[in-house]
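Only one structure is covered here, and it is reproduced in the block below.
Only heavy atoms go into these numbers, but all of them, side chains included; no hydrogens, no water, no symmetry mates. Protein chains get the first letters and strands the later ones, always in sequence-line order, with residue 1 at the start of each.
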Number of protein chains: 2
Amino acid sequence: MLKGGYMGKILRVNLTNQTYTEESTTEELARNFIGGAGFGIRFLFDEVPAGTDALGPNNKLIFAPGPLTGTSAPCASRMAVVAKSPLTGAVGMCTTGGYFPAELKFAGYDALIIEGKAERPLYLWINDGKVSFRRADKLWGTNTFDCQQLIKDELGDQNIRIACIGPAGELQSKIASIINERRAAGRKGLGAVMGAKNLKAIAVRGHKTVPVASENDYKQARSRMLKTMKESPVLYPAFANTGTPMVVEATWGLGIFPTRNWSATGEWDPVDKLGIKANDSRKIGKEHCYNCPVACSQLKLAREGIYTGSLSVPEFETIYAFGGQTGVGNLDSIIAADRLCDEMGMDSISTGVAIGFAMELYEKGIITKDDTDGVELNFGNHEAMFKLVSKIGYRQGFGALLADGVKDAAAKIGKNAEKYAMHVKGLELPGYDVRGAKAHGLNYATSYTGADHNRGYAFQEIFGIPEPETVDRFAYEGKGRLTKWNQDIRTATCDCPTMCAFLLDMAFPANAALNCADMLSSLTGLNFTPAEIEKIGERVNNLARAFNVREGFTRKDDNLPERILTEPLKEGGSKGQYISRAELDKMLDEYYYERGWTAEGIPTKQKLLDLGLENAAEELEKMGA
Amino acid sequence: MLKGGYMGKILRVNLTNQTYTEESTTEELARNFIGGAGFGIRFLFDEVPAGTDALGPNNKLIFAPGPLTGTSAPCASRMAVVAKSPLTGAVGMCTTGGYFPAELKFAGYDALIIEGKAERPLYLWINDGKVSFRRADKLWGTNTFDCQQLIKDELGDQNIRIACIGPAGELQSKIASIINERRAAGRKGLGAVMGAKNLKAIAVRGHKTVPVASENDYKQARSRMLKTMKESPVLYPAFANTGTPMVVEATWGLGIFPTRNWSATGEWDPVDKLGIKANDSRKIGKEHCYNCPVACSQLKLAREGIYTGSLSVPEFETIYAFGGQTGVGNLDSIIAADRLCDEMGMDSISTGVAIGFAMELYEKGIITKDDTDGVELNFGNHEAMFKLVSKIGYRQGFGALLADGVKDAAAKIGKNAEKYAMHVKGLELPGYDVRGAKAHGLNYATSYTGADHNRGYAFQEIFGIPEPETVDRFAYEGKGRLTKWNQDIRTATCDCPTMCAFLLDMAFPANAALNCADMLSSLTGLNFTPAEIEKIGERVNNLARAFNVREGFTRKDDNLPERILTEPLKEGGSKGQYISRAELDKMLDEYYYERGWTAEGIPTKQKLLDLGLENAAEELEKMGA
């Protein structure tokens, strides 16, 4: 019997039959996987066999908050959303914050597993343990903000929290996201999985509270956590005031703010147009996630020309994707494009990268006006960029070609277009030009979700933080070890408990595992040591890797785009840098060694057994991996 | 001491000083003016002297629900919003439904009077009798839907109800509206009054209940009311299923659906493109106002081309304004334009009429591409229509010329443009071509708010209802008496108590005063007879007229556009009909006679004294009227 942190139940919903069952959250699961991404990946590995069609009824969509979610712990607002990704074919795992995740706990659940496929569009209504299946034929086609309001009005309760898809998810765009409030489980096409299941939305309302095992210990742990946060040199007031857009300056300073589909990184100074000052001039407020004292979300209002009145929360990655990547120096158009992405339920990174990719093809003559519906799709054309966003979301005209991401688009276009498609495993690259930050590169190459900054962010290279060791961002040596640590610690202390990853980057680089053990032990009554916490991170990463191996991924997929491997940066603070094939291989060798994997990147039986992943060991052995 | 229906307090807020006071709701006020429009117009007459700048600090903005509002009475969700109108210079009075009006009662108030002007943008937060003035600098520029959500988030309560302005109100467009939820106090530029006061929004939350004087009597009265509603031949299921768009068919059938700025009424059949079937094909749901069993609001989702995904509740008047008036047979563009109007806080009728007006000027060569920012502004150009809406809202380019309505635009354009400006007293004409419905014409000419179908709607002419008498819609005789009755009964039984006017039109034409007396007497404990109810309607109309007379309005302002007076309808069910100058004069003579006014349209001293309007009598006498 779990004493704290967990609600004790996992809700399993079958859309095909419109039935649901409740299962107990076991101590075994809690001890070994904590919650969040750990739970999600465990369910995914156990229940979604190799070769499952990601957009078919046998894929599963798992929503899993962690034990800290919905408690008084600061910055623990999040949940993991997990499925097999239609974009990558690998594990699809995102986390999202806001209020929905805590509400799911309040409704009584540590996780929600969605199975099957509804015959007609519907939405789930989870009301304090009562589950109903409600018709959503009429909601089909609504944008994510309207959808949330319409469901609140229909159910007559403005305090309901809703996660839903927009038109992009309905149309099964492989870059579709899931939106709750203004937050997104943005990447890897999880919105398409929901759309393929004919599930428009999940509405949740709950009145339970998350139990605490040892009130006094927990209070003290929480006080220590808040104190550490206050001591951070960047969290207050810098990060709380500017949010992620401050990374425009940081990456530009290092010469790694990617520009023009990564063809001109370092050659364009975006700071005056897209940096902190520009962002501040559009800032109208901040938004909190559940119980977050930082509130890094910066509400921005566009105030110029055709974009006037558009409101959004463009994070750094969105500014990169619609700004640097497309060569657009118009922040208002970026705000407007971001808003459109949220309304249509579409990943702003993948969308922006796809547009920048198309722009380069257009400039190179690989595609022409005949392909682009007559639009002059040059870099920097902010109106064309903005208009293309909704065409992608609705699969209209040229937009349809980009609606499943750059890998898919390149394959359809042919003519060597893949050379300009900036992705790993199908997932579009986030906004750090890894040629000047090698651990980022290795993380993009090896993350179990594809090119995902969030799974093993090498903050040491960006912010010069000397934890766990001082690193030279241009060096290859040691990046295997560092990347393993970054991936494991992030998984264990952020994606599972849950906790916002910004705390890891800015407040706890040195003692994340300690803080996490401290909080979790007092909250749950289970004794987690810092070493165990780190081991859980390793366990989850290995299980995710095992899933991918079972799907056929090998070393050859731990790759980087050709441009990264062959084109040195021409200007800026990382001038001359690139990652050669040989150097990537060296990093991979070190990484696999540190992970205890074979030279082919396969977890050894011994490693999996050490981590208690007997069934994974067995399955990989069975397939002869 | 009032026993039921009233919360007992009126909240007076001074924005200049950021102070507020509470006054008692007196029995005298309740007995003689009921509430809603009665309260609002009484305060307006008493407190806003002749010549007050409607956009200056001395104008007052009054929000007044009625005694029935917020009770269990069906369809009593509404409030009056009253100020001197910047568009007409006359009384500006609108009613709006939704949930804000009831919430204002729950917060403890029978009315809210806003005075003065804030130095910087702010919003009011009325929380169960506690009032605070909160900065809104950052909210300035947000659209009305975002604004509502941002305030809920800022105050941390999703159950707050908000009335607010959008960019149009901020820019003091004289056709700006006030939006609460998806509802509008749409016409007469009340949003500009709010904008001129630097008041972005009013947020309300309350937990009080409206007292009932005689529970048993009230329950019985309510049952009788619900029974009468059920017996209506049109309310269920027809009107509940189709809402106001069914009027497209009704008016087209009579040949009075105005087309192409009223130049082609009867010549275009809009039924297949804009009628019930077309509307049904976009319908995704219904919206309720507070405690309304009918829920006539029909949510429509645009599903074609560039308008895909736009969601709105286009009423008949909006379909007329963006459809017939502009010659646009594209319902999706109308839905999208309506949504934009709501987002920007702008009256859809005035906006559409202004666009149709501009289209006729363009077709006639009075304006050219040089004026229209290069746009071909022909009738039927739905893309041009749609784009112009946001330019009007933001006063951009050619839009700025139309942003204060057609009367203002015609004056600026000159060149006889006024001939094509379809307005009375500056208020744009609603969607009934009065050439084929003379009582509508007389009501447009005489309504105290300008060309306002809602102040004395002649349902007898449209639906053939024989109450209070069978009428010939083409006849002039008797229309003076009928219009007086329509105006008084509507004011007394709808705008004051409050009750939705659709009940009068569809359920209570014969016994509205009886039903109203029945409901009010049991609710309030004050004894209202049906005759007294009708007299209150007359009182409020006379007081409003006295306000207008004091502002300089006379018979010459009780006019109709030149086109109505000179151009017979060329086709359709009202072919050959128009209202000649002489016939309008005859109707006015009869109307003034029935009202007990002079031939100049001035209420006589005797009439005002008979109605207990001593101060009005005195003031008009003083000015020699």
pair A:D137-B:I284: side-chain heavy atoms closer than 4.5 Å: no

Chain A contact via B:R339 - which portion, at a heavy-atom distance below 4.5 Å: side chain

Per-residue contact mode, B:E154 against chain A (heavy atom under 4.5 angstrom): neither

Region of A:E343 that comes under 4.5 Å of a non-hydrogen atom in chain B: neither

A:K208 NZ: over 12 foreign heavy atoms closer than 6.0 Å: yes

Best-contacting candidate, B:R303, B:K387, B:K391, B:H288, against chain A by heavy atom pairs under 4.5 angstrom: B:R303

Passing candidate, side-chain contact (heavy atoms from CB on, under 4.5 Å) with B:L301, options A:L139, A:T142, A:D146: A:T142

Chain B contact via A:E287 - which portion, at a heavy-atom distance below 4.5 Å: side chain

Distance-minimising heavy-atom pair for A:Y394 and B:T308: OH-O, 3.1 Å

B:L150 side chain reached by A:L311 side chain, heavy atoms, under 4.5 Å: yes

Over 12 non-hydrogen atoms of neighbours within 6.0 angstrom of NZ in B:K283: yes

Contacting region of B:K152 [heavy-atom separation from chain A under 4.5 Å]: side chain

Ion pair check, A:K286 and B:D153, cut-off under 4.0 Å: no

Option that, when pairs with chain A are counted at under 4.5 Å, heavy atom only, ranks first among B:G309, B:G393, B:A302: B:G309

Heavy-atom proximity to chain B below 4.5 Å, by part of A:R135: neither

Contact origin within A:I160 toward chain B - heavy atom pairs under 4.5 Å: neither

Contacting moiety of A:R161, where chain B heavy atoms sit under 4.5 Å: side chain

